[in-house]
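All values below were derived from every heavy atom in this structure, side-chain atoms included, with hydrogens, water molecules and symmetry-related copies excluded. If you read the sequence from its start, that first residue is 1, and numbering goes on from there. Small disclaimer: the values here were computed from a predicted structure and weren't measured.
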Amino acid sequence: YSNANIGIGGAITVHIASAKTKARVYDTAKLTFTGLETDTENNLTIHAESYAKFDTTADASGKDGTASGGTAGVGAGIAVSVIGVDVIAAIADGTPFLRAGSDPTHGTPYLNQLEISAKNTLDETTSAKAGSAGGISATPVLAVHVSGADVQAYLGTPASGNLTLLKIKNDALVSAENAVSRQIAANASAAGGNVGLGGSFAISVVNDSAIARINRSMQAKSVTVHAQSKSTMKSTSRAGANGSPPGGTSSSPSGGEAASGSESGSADGSSAGSSDADSQTDSALSSGKTLSGSAGSNNTNGSSVGGQTSNRQKSQTSEGSIQIAAGFALNIQSNRSEAFIGNETNFIVITAEEAVVVEAFNRTDAQVVANASATKAKIGIGVAVSINVVTYTNHAYIGFAAITAGSLRVTASIIEDEPAAAATETPAEESTNFITNIIKDLIRQAAEAMGLGELFSADTNGAEALSG
């Protein structure tokens with residue numbers, strides 16, 4: 001990752017991971033069905049499921065993250081994570097379904113039930129903290145997170161000349177579900193006033209999807225195509241106490257005054273001294289794009305990252321570009337949910353005794369915070385910039401297909417917030433209420449002994465109160 005020219009770091013972590021979970025029947029296979037219409041155990045089930053957690057940390061701040069002076073870490077904190085996850089359950093396009101007998105390409109293959117499902121649960125964190133000197137870098141804290149999760153479940157098109165009609169006694173379900181939670185943090189304030197001059201950058205590019213489809217004719221009791229993708233991002237960048245140098249250049253290791261931009265500045269956005277926050281960001285994005293090729297997943301690769309980051313929103317207002325930022329947070333996030341029956345070219349026929357349901361659900365949340373409130377320097381500049389670019393696609397549709405069913409439902413919906421859990425009393429609250437009730441009882445008993453019981457009555461909340 002040193003090719004990014006972001007300077008010398010006290011703690012550098014580069015994490016590249018590719019996780020692929022696939023349950024798939026390829027088009028080179030031939031599936032011959034021998035079951036009868038009355039059979040109850042001739043099910044076709046294809047299931048792929050992944051649970052993954054990735055943590056990436058670069059901490060140059062010292063053991064407890066708050067140390068200073070001689071016990072603090074020295075140098076920049078740079079954390080880079082590139083994660084690609086593919087979860088696929090599928091019968092590939094062009095896979096032949098054959099019926100046992102003299103004419104295998106015709107007739108009716110019988111199934112009791114069909115289920116093709118893919119599910120992904122993913123949790124990711126990336127954290128970078130600066131040391132006491134902040135390193136010899138214009139970006140003493142840099143957290144870069146490039147990630148994508150692709151979940152697919154599908155029953156593909158039949159092979160050419162394959163004219164069998166699949167008949168399913170009970171339900172046919174094709175389902176793809178994706179749930180991803182991410183947190184990224186760049187913290188230049190951990191080392192307090194000893195941190196060097198320079199910006200704190202938190203940069204994330206994420207691309208998630210869940211796609212479910214049926215592209216083959218069938219008869220079934222009911223047919224459901226379900227796609228759901230939930231993508232959550234929380235990004236925080238905290239500036240250091242000394243802020244960013246006025247010239248956009250780095251400080252010396254001893255924390256001296258920053259050199260002028262004309263002495264060490266460059267136009268390539270490198271750590272050699274670019275004064276342009278966007279140039280530094282573009283340099284980090286370029287390195288992330290290069291590294292994404294090593295992940296090589298459907299949603300994390302050079303092409304997808306390049307497509308998301310090209311022509312991105314810059315750090316500018318109506319008055320022009322913001323050249324220097326002490327705290328900078330950029331999030332570029334895409335989330336796609338898509339459920340459909342039939343494509344644009346292969347005509348299919350779906351018949352269901354009961355319901356045909358095509359449904360897509362999407363939830364895309366992003367919280368991006370840049371905080372420069374800790375900046376108290378006379379030389380450094382305390383400017384915070386946060387940019388949040390979010391796009392989501394939520395499609396449910398029927399393509400080139402004829403549907404005959406008891407009912408038809410095609411919906412594209414946003415996943416609602418989960419209801420808050422009912423409040424329960426803590427042990428401390430229970431103890432306080434117990435003591436309060438004892439005191440009330442003692443007061444009531446004393447009042448009654450003195451013949452003053454009528455002065456007390458219950459209010460509308462059930463608490464004891466003086467009447468009148």
Side-chain angles (χ1 to χ4, degrees), residues 18-35 42-50 84-120 148-168 171-178 209-220 223-227 296-301 303-304 336 338-351 358 397-402:
S18 179
K20 299 183 179 181
T21 304
K22 299 181 179 181
R24 190 170 185 176
V25 177
Y26 286 93
D27 59 359
T28 51
K30 292 183 178 180
L31 302 184
T32 301
F33 296 88
T34 60
N42 52 335
N43 300 323
L44 176 56
T45 303
I46 300 177
H47 181 68
E49 188 165 359
S50 173
V85 175
D86 291 341
V87 182
I88 298 175
I91 296 177
D93 292 323
T95 301
F97 280 12
L98 307 177
R99 174 63 186 170
S102 58
D103 190 3
T105 60
H106 293 73
T108 303
Y110 294 104
L111 287 175
N112 178 61
Q113 183 173 298
L114 168 69
E115 179 180 344
I116 302 175
S117 60
K119 184 177 182 179
N120 175 54
D150 179 44
V151 181
Q152 296 185 40
Y154 60 89
L155 175 60
T157 58
S160 177
N162 185 196
L163 303 178
T164 54
L165 176 62
L166 188 62
K167 189 171 183 179
I168 304 165
D171 304 322
L173 170 66
V174 176
S175 173
E177 294 188 351
N178 192 20
S209 57
I211 302 172
R213 62 181 173 93
I214 289 179
N215 291 120
R216 187 184 293 263
S217 297
M218 67 173 65
Q219 296 177 4
V223 177
T224 301
V225 182
H226 169 85
S297 67
N298 290 343
N299 286 359
T300 304
N301 53 69
S303 177
S304 65
R336 175 186 176 196
E338 191 169 351
F340 62 95
I341 293 176
N343 54 26
E344 298 178 354
T345 57
N346 299 96
F347 179 73
I348 62 173
V349 177
I350 303 291
T351 302
V358 182
Y397 62 92
I398 295 175
F400 194 23

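- Although no hydrogens or angles enter the test, the distance criterion places a donor-acceptor pair under 3.5 Å between the side chain of Ser304 and the main chain of Asn301.
- A 4.5 Å side-chain heavy-atom check between Asp171 and Thr224 finds every atom pair outside the cut-off.
- Of all the heavy atoms in Gly101 and Pro104, the pair that sits closest is O-CD, 3.9 Å.
- Looking at every heavy atom in both residues, Asn343 comes nearest to Thr345 through OD1-N, 3.0 Å.
- Remark: Asp86 engages no residue in a side-chain hydrogen bond (donor to acceptor under 3.5 Å, both in side chains) (not counting sequence neighbours).
- Qualifying side-chain hydrogen bond (donor to acceptor under 3.5 Å, both in side chains) partners for Tyr26, counting only residues two or more places apart in sequence or in other chains: none.
- Across all non-hydrogen atoms, the minimal contact from Met218 to Val223 is SD-CG2, 4.1 Å.
- For the residue pair Arg216 and Ile350, the shortest heavy atom distance occurs at O-CD1, 3.5 Å.
- Distance check, rounded to the nearest 0.5 Å: OG1 of Thr105 to CG of Asp103 gives 4.5 Å.
- Judged by distance alone, with hydrogens and angles left aside, the side-chain atoms of Asn42 form a donor-acceptor pair with the main-chain N or O of Tyr110 at under 3.5 Å.
- Of the inter-residue distances, the one linking Tyr397 atom OH with Ile341 atom CD1 reads 11.0 Å to the nearest 0.5 angstrom.
- Side chains of Phe340 and Ile211 form a contact here, defined as non-hydrogen atoms less than 4.5 Å apart.
- One finds the OG atom of Ser50 at 11.5 Å from the CD1 atom of Ile88 (value rounded to the nearest 0.5 Å).
- Side-chain N or O atoms of Ser18 include none that pairs as donor or acceptor with a backbone N or O of Gly296 at under 3.5 Å.
- Between Asn298 and Gln152, the closest side-chain pair of non-hydrogen atoms falls below 4.5 Å.
- Heavy atoms only, all atoms of each residue included: Phe347 and Val349 are closest at CE2-CG2, 3.7 Å.
- In this structure, CG in Leu31 is found 9.5 Å from CG in Asn162, a value given to the nearest 0.5 Å.
- Expressed to the nearest 0.5 Å, how far CD1 of Ile116 lies from CG of Leu44 amounts to 6.0 Å.
- Residues Asn112 and Asn43 bring a donor and an acceptor atom of their side chains to less than 3.5 Å of each other.
- Annotation: side chain of Asn215 is not in contact with side chain of Asn346 (no heavy-atom distance under 4.5 Å).
- Within the 4.5 Å cutoff, the side chain of Leu173 has no heavy atoms near those of the Leu114 side chain.
- Between the Asn120 side chain and the Asn178 main chain, no donor and acceptor come within less than 3.5 Å of each other.
- In terms of heavy atoms, Ala48 sits closest to Val87 at O-CG1, 3.7 Å.
- Using a 4.5 Å heavy-atom threshold, the side chains of Glu344 and Phe400 count as separate.
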For the pair Ile91 and Phe97, evaluate side-chain contact (heavy atoms from CB on, under 4.5 Å) and give the outcome as yes or no after the intermediate values.
CA-CA 10 Å; Ile91 296 177; Phe97 280 12; 3.7 Å; yes
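- How far OG of Ser175 is from NE2 of His226: 4.5 Å, rounded to the nearest 0.5 Å.
- For the side-chain hydrogen bond (donor to acceptor under 3.5 Å, both in side chains) criterion with Ser117, the lone passing option out of Glu49, Glu177, His47 is His47.
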